[in-house]
Amino acid sequence: MAKKIPTNQLVPGMYVVNTGVSWRDNPYLFSTEGPLSSAAISKLLQDGYLEVFIDPDRSVPDSANSAEAVESTFGESVQDMEVQDFEPPVTSLAAEMPAAKEAYVNAIEMSKIFMDGIRRGDSVELYKAKGPVEGIISSVNRNPDALLSLCKLRDLDEYTYSHSVNVSVLAVMFAKHMSFTHKVLFEVGMAGMFHDLGKAMVPIELLNAPRELSEEEFTILRRHPRLGYEHVKKTPGFTQDILLGIYDHHERFDGSGYPRGVSGDKISLTGRILAMMDVYDALSSRRPYKLAMLPHKVLGIMYQMRFTDFYPGFMEQFIRMLGIYPVGSVVEVEGGFIGIVTSSNKAKPTKPKVLLVQTVDNKNIQPNEIDTGEDGAPSITRCLGEGERPFDPGKILNVR
């Protein structure tokens with residue numbers, strides 16, 4: 001018997017049933033019959049579909065919220081492997097939060113100025129983004145978890161603006177994780193801020209369409225990387241690497257991307273980095289028409305795409321950087337406790353630090369941080385979605 005579920009609960013292997021409901025009657029219902037792959041789920045989520053009918057008897061899902069299923073989604077290449085030593089944070093999460101908030105808000109305000117100005121046809125002083133990007137880099141250098149928690153937990157409805165800032169933050173974090181130079185951190189940060197600038201020159205009804213676009217409409221939408229590139233290249237002081245990051249952020253390693261359809265090493269370094277960050281933030285963000293997808297499910301989908309869409313080795317490193325349960329994730333822990341992930345473990349991505357705050361029967365306890373990577377420590381048993389959380393993690397981590 002067919003069962004209707006929200007699209008943010010889909011996992012690869014589920015079988016979609018076409019119920020015959022017309023798109024005109026329900027434009028948010030995805031009804032292309034057949035089994036779902038990781039790439040198909042990614043696309044339907046980005047297209048804005050909210051609901052789907054699945055046939056449980058024909059579904060063979062390969063991931064879920066349980067710890068065992070989560071870990072089985074990822075290969076040994078990202079689990080409990082010896083990695084190089086990483087510098088510990090300079091400041092604690094709590095100490096860094098005020099500066100991180102200031103950097104994040106400044107970047108959001110600048111993003112609004114750029115996007116709204118271009119829509120009005122105003123002259124936009126793009127060089128003013130240098131200050132906010134340097135603020136992001138400084139905060140990431142002290143403790144990247146503060147800005148990461150703001151990206152995922154701050155209560156913002158303005159996805160158009162926050163998406164560019166989130167991509168910038170994630171790109172800077174990844175470049176630092178990879179031990180790239182300050183020059184590269186700055187270039188990916190700037191490219192992230194402007195990667196979607198061309199969308200301000202695309203009809204807004206195409207950007208928010210909760211349906212699959214026609215080929216003609218998609219052709220129009222696919223112009224946005226080129227439009228952004230053409231606009232920004234007129235600005236003095238923008239390096240070629242920043243410009244190419246804007247141009248290449250929808251290119252794919254196998255050549256299936258746009259606007260140029262280039263592949264492999266022909267894609268710029270900034271473009272390779274932004275391509276991952278753009279997909280991750282789009283799928284893990286709340287939108288007016290969908291809840292945020294659980295980060296570990298997003299990473300699971302992207303992990304399956306690593307050989308086709310992303311530069312070799314980058315996806316594994318991205319998962320090590322974030323952890324399979326990124327900072328801000330609400331998790332259930334052995335012993336009957338619920339807590340919030342406060343720090344990732346780059347050597348053991350499934351074993352982060354967790355701040356325990358409640359019991360599973362909703363009784364508050366004295367907050368207690370544990371390291372699930374230590375010998376004998378309790379393990380995470382599952383991750384909780386937005387509808388299951390008994391408290392607001394953003395308030396507890398002071399990101400509101």
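A quick note: this is a predicted structure, and the numbers were derived from the prediction, not measured. Computation of the quantities below employed the complete heavy-atom set of this structure, encompassing side-chain atoms and omitting hydrogens, waters and symmetry-equivalent molecules.
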Between F174 and F314 (judged by ring centroids, cut-off 6.0 Å), do the two rings come close enough to count as a pair? yes
Side chain to side chain contact (heavy atoms under 4.5 Å, CB included), paired with M277, selected from V279, I273, L274: I273
Heavy atoms, side chains only, cut-off 4.5 Å: are F53 and L29 in contact? yes
Atom pair CG/NE2 of L126 and H231 - distance to nearest 0.5 Å: 5.5 Å
Does the distance from a Lys or Arg side-chain N to an Asp or Glu carboxylate O, for K266 and D248, drop under 4.0 Å? no
Donor-acceptor pair between D241 and T239 side chains, under 3.5 angstrom: no
Give a yes or no on whether the backbone of N18 and the side-chain of E33 come within a donor-acceptor separation of less than 3.5 Å. yes
Would you call the rings of Y258 and F218 parallel, tilted or perpendicular, where under 30° means parallel and over 60° means perpendicular? perpendicular
Please lay out, stage by stage, how K183 and E187 fare under the test salt bridge (Lys or Arg N to Asp or Glu O under 4.0 Å). CA-CA 6 Å; K183 176 178 180 291; E187 288 174 336; 2.8 Å; yes
Which heavy atom of F337 sits nearest a heavy atom of E334, and at what distance? CD1-O, 4.0 Å
Return yes if a side-chain donor-acceptor contact under 3.5 Å exists between H182 and E134, otherwise no. yes
At their closest point, which heavy atom of E51 faces which heavy atom of T7, and how far apart are they? N-CG2, 3.6 Å
Evaluate the side-chain proximity of M173 to K176: yes if any heavy-atom separation is below 4.5 Å, no if none is. no
Looking only at atom types and distance, does a side-chain atom of T308 sit under 3.5 Å from a main-chain N or O of M305, one as donor and one as acceptor? yes
Under the side-chain contact (heavy atoms from CB on, under 4.5 Å) rule, what do I324 and I319 come out as? Steps first, then yes or no, please. CA-CA 6 Å; I324 291 174; I319 293 171; 3.8 Å; yes
Look at the side chain of N345 and the backbone N and O of K351, then say whether any donor-acceptor pair between them is shorter than 3.5 Å. yes
Note: G328 and L397 closest approach over all heavy atoms is CA-CD1, 4.1 Å
Any side-chain heavy-atom pair from K101 and N398 closer than 4.5 angstrom? yes
Verify side-chain contact (heavy atoms from CB on, under 4.5 Å) between R382 and E388, making sure each step is shown before the conclusion. CA-CA 11 Å; R382 69 186 188 103; E388 300 178 285; 2.9 Å; yes
Could you grab the distance from atom CD of Q358 to atom CD of E332, nearest 0.5 Å is fine? 11.5 Å
Report whether V188 and Y127 are members of the same hydrophobic cluster (ILVMFWY, side-chain heavy atoms less than 4.5 Å apart, transitive linking). no
Short side-chain to backbone donor-acceptor contact, T91 and A95, under 3.5 Å: no
Is the shortest side-chain heavy-atom distance between P259 and R222 below 4.5 Å? no
Evaluate the side-chain proximity of L322 to Y280: yes if any heavy-atom separation is below 4.5 Å, no if none is. yes
Below 6.0 angstrom between ring centroids: does that apply to F253 and F310? no
May I ask whether V360 and L384 are part of the same hydrophobic cluster, defined by side-chain heavy atoms of I, L, V, M, F, W, Y residues being less than 4.5 angstrom apart, directly or through others? yes
Looking at every heavy atom in both H296 and C383, which two are closest together, and how far apart are they? CE1-CB, 3.5 Å
Step by step, work out the side-chain contact (heavy atoms from CB on, under 4.5 Å) result for N141 and L185. CA-CA 10 Å; N141 280 333; L185 268 66; 4.2 Å; yes
Any chain of hydrophobic side-chain contacts (each under 4.5 Å) joining L44 to V52? yes
Minimum heavy-atom separation for I136 to A107, with atom names? CD1-CB, 4.1 Å
Less than 6.0 angstrom from the centroid, inside 45 degrees of the normal: does R226 satisfy that with respect to the ring of Y229? no
Following the transitive rule for hydrophobic clusters with a side-chain heavy-atom cut-off under 4.5 Å over Ile, Leu, Val, Met, Phe, Trp and Tyr, establish whether M178 and M315 coincide in one cluster. yes
In terms of relative ring orientation, are H249 and H224 parallel, tilted or perpendicular, with 30° and 60° separating the classes? tilted
Donor-acceptor side-chain pairing of S285 and D281 below 3.5 angstrom: yes
Can you find a pair of side-chain heavy atoms, one from L356 and one from I365, that are under 4.5 Å apart? yes
Closer than 3.5 angstrom, by distance alone: can the side chain of S149 be matched with the main-chain N or O of A146 as a donor-acceptor pair? yes
Decide side-chain contact (heavy atoms from CB on, under 4.5 Å) for I338 and V330; before the verdict, give the C-alpha distance in whole Å, the side-chain angles of both, and the deciding distance to 0.1 Å. CA-CA 7 Å; I338 297 176; V330 178; 3.8 Å; yes
Sequence neighbours excluded and cut-off under 3.5 Å, please list the side-chain donor-acceptor pairs for residues 366-374, or say none.
from : atom 1 : to   : atom 2 : distance (Å)
E369 : OE2    : T342 : OG1    : 2.6
D371 : OD1    : G373 : N      : 2.9
T372 : OG1    : P352 : O      : 2.6

Side chains of Y15 and I54: does their closest heavy-atom pair fall under 4.5 Å? no
Exam field: side chain T270 to backbone G245, donor-acceptor pair closer than 3.5 Å: yes
Under 3.5 Å, is there a donor on one side chain and an acceptor on the other for D254 and S263? no
Straight-line distance of L294 CG to S329 OG, nearest 0.5 Å: 7.5 Å
If you take all heavy atoms of E251 and V262, which pair is closest and at what distance? OE1-N, 3.3 Å
Rounding to 0.5 Å, atoms NE2 (H250) and CD1 (I267) come to a distance of 12.5 Å
Are R272 and D265 within salt-bridge range, i.e. N to O under 4.0 Å? yes
With no hydrogens and no angle check, is any side-chain donor or acceptor of S37 less than 3.5 Å from a backbone partner on A40? yes
Honestly curious: do L221 and F194 fall in one hydrophobic cluster under the side-chain, below-4.5 Å linking rule? yes
One should read off an interatomic distance between S164 OG and F114 CZ, to the nearest 0.5 angstrom, of 10.5 Å
Could you tell me whether H163 and H195 have their ring centroids closer than 6.0 angstrom? yes
Are side-chain heavy atoms of K152 and S284 found at a separation under 4.5 Å? yes
Under a 4.0 Å threshold between the charged nitrogen and the carboxylate oxygen, would E109 count as salt-bridged to K128? no
